[in-house]
Amino acid sequence: MRIATWNVNSINARIDRVHAWLSANDCDVLCLQELKCATDDVPVESLRELGYEVAAHGTGRWNGVAIISRVGLDDVQRNLPRQPTFKDEIEPRAIAATCGPLRIWSVYVPNGRDVDDPHYRYKLDFLQTLGEVVVDDERPFAITGDMNVCPTDDDVWDRSEWKGTTHVSEPERAALADITGHGLTDIIPRALKHGKPFTFWDYRNLDFPKNRGLRIDLILANEALRTAVTDVYVDRNERKGKGASDHAPVVAEVNV
DNA sequence: ATGCCCTATGATATAGGA
């Protein structure tokens, strides 16, 4: 079984690429983030014609998450239990489903914007709440998605360029460690090039050609899933060319 | 060649991204 997580930065802007990627990559379960459209505006027909079921959760303009699967899509759950609000809204940032043997979450953690911004407190609250979804179970389980946190300094292209910013601060890393403390492992992908498995490169300043990247798209797997993983990699080819998302898919081969 | 920001919106600037 092949699973993947991919922040597509608008599903409508990216649908041709997503369609082509699915056609070429034999993927069973794909978790998407940043749909940037309402649930009813997701181009589901393009995905269904490839044999996938779609569970989406979006309200338009920003955020939005989905799970698409060709191995079953049951018990869909939208939002975290007790998910924190921002400006009194519960934003569409989390969705879960059971896909065959696997229980999986697709989440888009708030950016935080700046360590002094209220959005940062919201981010920490969201991360704290996210740990509560972990179930103590024999069944393969994963939280995947754009965590907007670099787990270690190895996950930043240049630590000195990211001093005092979000994504690398100790409280964010501690909050992420609290999640993995529930029995999950950050499955670190192998790098296909340049030694570091970054998953995001800003569109600006030639960041991708210069490999100024971050590893923020993660697969957090429980023991049953972790031991079944036979390979994990970043599909950095998908970041190339015109019309790419600023994130690349993270792909895991799982023997379940 | 991996190449000099992108997306959505009661839009013609602005917010958000990380």
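All chains are named by letter (A, B, ...) in the order of the sequence lines, taking the proteins before the strands, and each is independently numbered beginning at 1.
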Output the rounded distance in Å from CZ (A:Phe200) to P (B:dC6). 13 Å

Surrounding CD of A:Glu138 (heavy atoms of other residues, nucleotides or ligands, distance under 6.0 Å), is the total greater than 12? no

Just how far, in rounded Å, is C1' of B:dG17 from CD of A:Gln33? 14 Å

salt_bridge(A:Lys36, A:Asp41) N-O dist < 4.0 Å: no

Give the rounded distance in Å between these two atoms: CG of A:Asn205 and P of B:dC6. 12 Å

Could you tabulate the donor-acceptor pairs under 3.5 Å formed by side-chain atoms of residues 244-255 of chain A, not counting sequence neighbours?
{"residue": "A:Ser245", "atom": "OG", "partner": "A:Asn7", "partner atom": "O", "Å": "2.7"}
{"residue": "A:Ser245", "atom": "OG", "partner": "A:His247", "partner atom": "N", "Å": "3.1"}
{"residue": "A:His247", "atom": "ND1", "partner": "A:Asp217", "partner atom": "OD1", "Å": "3.3"}
{"residue": "A:His247", "atom": "ND1", "partner": "A:Asp217", "partner atom": "OD2", "Å": "2.8"}
{"residue": "A:His247", "atom": "NE2", "partner": "A:Asn7", "partner atom": "ND2", "Å": "3.4"}
{"residue": "A:Glu253", "atom": "OE2", "partner": "A:Arg2", "partner atom": "NE", "Å": "2.6"}
{"residue": "A:Glu253", "atom": "OE2", "partner": "A:Arg2", "partner atom": "NH2", "Å": "2.6"}

What I'd like to find out is whether the side chain of A:Val168 reaches to under 4.5 Å of the side chain of A:Glu172, using heavy atoms alone. no

CG/A:Asp158: more than 12 non-hydrogen atoms of other groups inside 6.0 Å: yes

Between B:dG10 and B:dA15 - P atom distance, rounded Å: 15 Å

Figure out the CG/P separation between A:Asp217 and B:dG17, and round it to whole Å. 15 Å

Atom CD of A:Gln128: over 12 foreign heavy atoms under 6.0 Å: no

What residues from residues 149-166 of chain A pass a heavy-atom cutoff of under 4.0 Å to DNA chain B? none

Does some side-chain heavy atom of A:Asn79 sit less than 4.5 Å from a side-chain heavy atom of A:His57? yes

Round to the nearest Å and state the distance from A:Lys242 atom NZ to B:dC4 atom C1'. 14 Å

Would you mind reading off the distance between A:His167 atom NE2 and B:dG17 atom C1', rounded to a whole angstrom? 9 Å

Between A:Trp21 and A:Trp6, what is the ring plane arrangement, given parallel below 30°, perpendicular above 60°, and tilted in between? tilted

Across the strands shown, which category fits A:Gly112 at heavy-atom distances under 4.0 angstrom: base, sugar-phosphate, nothing? nothing

Check the pair A:Arg173 / A:Asp155 against salt bridge (charged side-chain N to carboxylate O under 4.0 Å, His left out), numbers first and verdict last. CA-CA 12 Å; A:Arg173 288 178 170 170; A:Asp155 303 308; over 6 Å; no

Could you state the CZ-C1' distance from A:Arg204 to B:dC6, rounded to the nearest angstrom? 9 Å

Look at all strands and tell whether A:Asn148 reaches a base, only sugar-phosphate, or nothing, counting heavy atoms closer than 4.0 Å. sugar-phosphate

Salt bridge or not for A:Glu91 and A:Arg93, using N-O below 4.0 Å? yes

How would you label the contact of A:Asp146 with the nucleic acid (heavy atoms, under 4.0 Å): base, sugar-phosphate, or nothing? sugar-phosphate

Nucleotide-resolved protein contact map, nucleotides 7-16 of chain B, B/S/- at heavy-atom distance under 4.0 Å: SBB----B-B

Select from A:Asp114 and A:Arg236 the residue whose nearest nucleotide in DNA chain B is closer to the 5' end of that strand. A:Arg236

Whole-Å C1' distance, B:dC4 and B:dA8: 23 Å

Rounded interatomic separation in angstrom, taking CG from A:Leu206 and C1' from B:dC6: 15 Å

For A:Asn7, which contact category applies under a 4.0 Å heavy-atom criterion: base, sugar-phosphate, or nothing? sugar-phosphate

Could you work out the separation of B:dC6 and B:dA11 based on their P atoms and round it to a whole Å? 23 Å

